[in-house]
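Notes follow the structure.
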Amino acid sequence: MNIRQATLADIPELVTLRMALFAELGEALGDQGEALHQASVDYFSRAMAEGRLISWVAEEGEAGGGLLAVGSLALFERPPYPGNLPGREAYLLNMYTRPSWRRRGLARQLLAAMTRYADLAKFGKLWLHASEAGRPLYEQAGFVGHSGYLERQPD
């Protein structure tokens, strides 16, 4: 397996796998599917070009064989706070492995690459939202649960 940082050329396949993730999680896209796909292409293109998003991919052998698994870090900065004096954070998202390639360690290798990057870049916080299926992987890598989170949905 080859684990590497994604390039702009990988965006079409990254977005295809992101849409597969939504479908697998049971997200009802309804008539938003095509618009969400295009909005995701636009976001990945801008954010990767600006250095606000870094994705990693797993592929079989050398480049060109298609992506088997993906994961991304959205990078941002907040004012310093207790426990994160640099204020730099990385949000881990978009972890997905093609079903036929699961249970082969690809997600673990991607997670190791992303956490290594976050450590070397000295991000004060690395966090995520986990599916029930993914939770054991993250817990084994040292992630712990936190309940202090609220979200407001727009009207």
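Computed from heavy atoms alone, side chains included, the values below leave out hydrogens, waters and symmetry copies. Not measured: the values here are computed from a predicted model.
- Applying the side chain to side chain contact (heavy atoms under 4.5 Å, CB included) criterion to Pro12, with sequence neighbours excluded, gives no partner residue.
- The backbone N or O of Asn94 lies less than 3.5 Å from no partner atom in the side chain of Arg18, so there is not a single donor-acceptor pair.
- Two different hydrophobic clusters hold Leu73 and Ile11 under the rule that ILVMFWY side chains link at heavy-atom gaps under 4.5 Å.
- Atom OH of Tyr96 is separated from atom OG of Ser72 by 14.5 Å, given to the nearest 0.5 angstrom.
- Counting only residues at least two apart or on different chains, the ring-ring contact (aromatic ring centres under 6.0 Å, His included) pairs with a member in residues 17-60 are Trp56-Tyr117.
- Residue-environment remark: CD (Glu34) stays at or below the threshold of 12 foreign heavy atoms within 6.0 Å.
- If you take CG on Leu111 and CG on Leu126, they are separated by 8.0 Å, rounding to the nearest 0.5 Å.
- For Arg108, the side chain to side chain contact (heavy atoms under 4.5 Å, CB included) test picks out Leu137, Gln140, with sequence neighbours left out.
- Atom CG in Leu17 sits 9.0 Å away from atom OG1 in Thr97 (nearest 0.5 Å).
- Taking Thr7 as the reference, Asp10 meet the side-chain hydrogen bond (donor to acceptor under 3.5 Å, both in side chains) condition, with sequence neighbours excluded.
- Leu67 and Leu110 are assigned to two separate hydrophobic clusters, defined by single-linkage of ILVMFWY side chains at heavy-atom distances under 4.5 Å.
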Next item on the list: Could you walk me through whether Val57 and Glu13 pass side-chain contact (heavy atoms from CB on, under 4.5 Å), step by step?
Entry: CA-CA 10 Å; Val57 299; Glu13 204 166 356; over 6 Å; no
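- Look at Arg135 and Glu139 and you find a salt bridge, because one of the NZ, NE, NH1 or NH2 atoms lies within 4.0 Å of a carboxylate O, short of that distance.
- With salt bridges taken as basic N to acidic carboxylate O contacts below 4.0 Å, none links Arg98 and Glu60.
- Qualifying side-chain hydrogen bond (donor to acceptor under 3.5 Å, both in side chains) partners for Arg104, counting only residues two or more places apart in sequence or in other chains: none.
- Of all the heavy atoms in Glu59 and Arg4, the pair that sits closest is OE2-NE, 2.8 Å.
- Distance check, rounded to the nearest 0.5 Å: CG of Leu68 to OG of Ser100 gives 7.5 Å.
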Notebook entry, point to check: Step by step, would you call Arg52 with Leu75 a side-chain contact (heavy atoms from CB on, under 4.5 Å)?
Noted result: CA-CA 5 Å; Arg52 295 182 292 114; Leu75 313 174; 5.5 Å; no
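- At most 12 non-hydrogen atoms from other residues, nucleotides or ligands lie less than 6.0 angstrom from CD of Gln32.
- Taking hydrophobic clusters as Ile, Leu, Val, Met, Phe, Trp and Tyr residues chained together by side-chain heavy-atom distances below 4.5 Å, Leu14 shares a cluster with Leu53.
- Among Tyr138, Tyr91, Phe143, the one residue that satisfies the ring pair (Phe, Tyr, Trp, His ring centres under 6.0 Å) test with Trp127 is Tyr91.
- For Asn84, the side chain to side chain contact (heavy atoms under 4.5 Å, CB included) criterion is met by Tyr81, Pro86, Glu89, Lys125, not counting sequence neighbours.
- Of all non-hydrogen atoms in Ile3 and Ala113, the two that sit nearest each other are CG2-CB, 4.2 Å.
- Taking hydrophobic clusters as Ile, Leu, Val, Met, Phe, Trp and Tyr residues chained together by side-chain heavy-atom distances below 4.5 Å, Phe76 does not share a cluster with Met114.
- No continuous path of hydrophobic side-chain contacts links Ile54 to Leu120 [ILVMFWY only; heavy atoms under 4.5 Å].
- With rounding to the nearest 0.5 Å, the separation of OG in Ser55 from CE in Met95 is 11.0 Å.
- If you take NE2 on His129 and CG on Leu92, they are separated by 12.0 Å, rounding to the nearest 0.5 Å.
- In this structure the side chain of Pro99 reaches within 4.5 angstrom of the side chain of Glu24, judged on heavy atoms.
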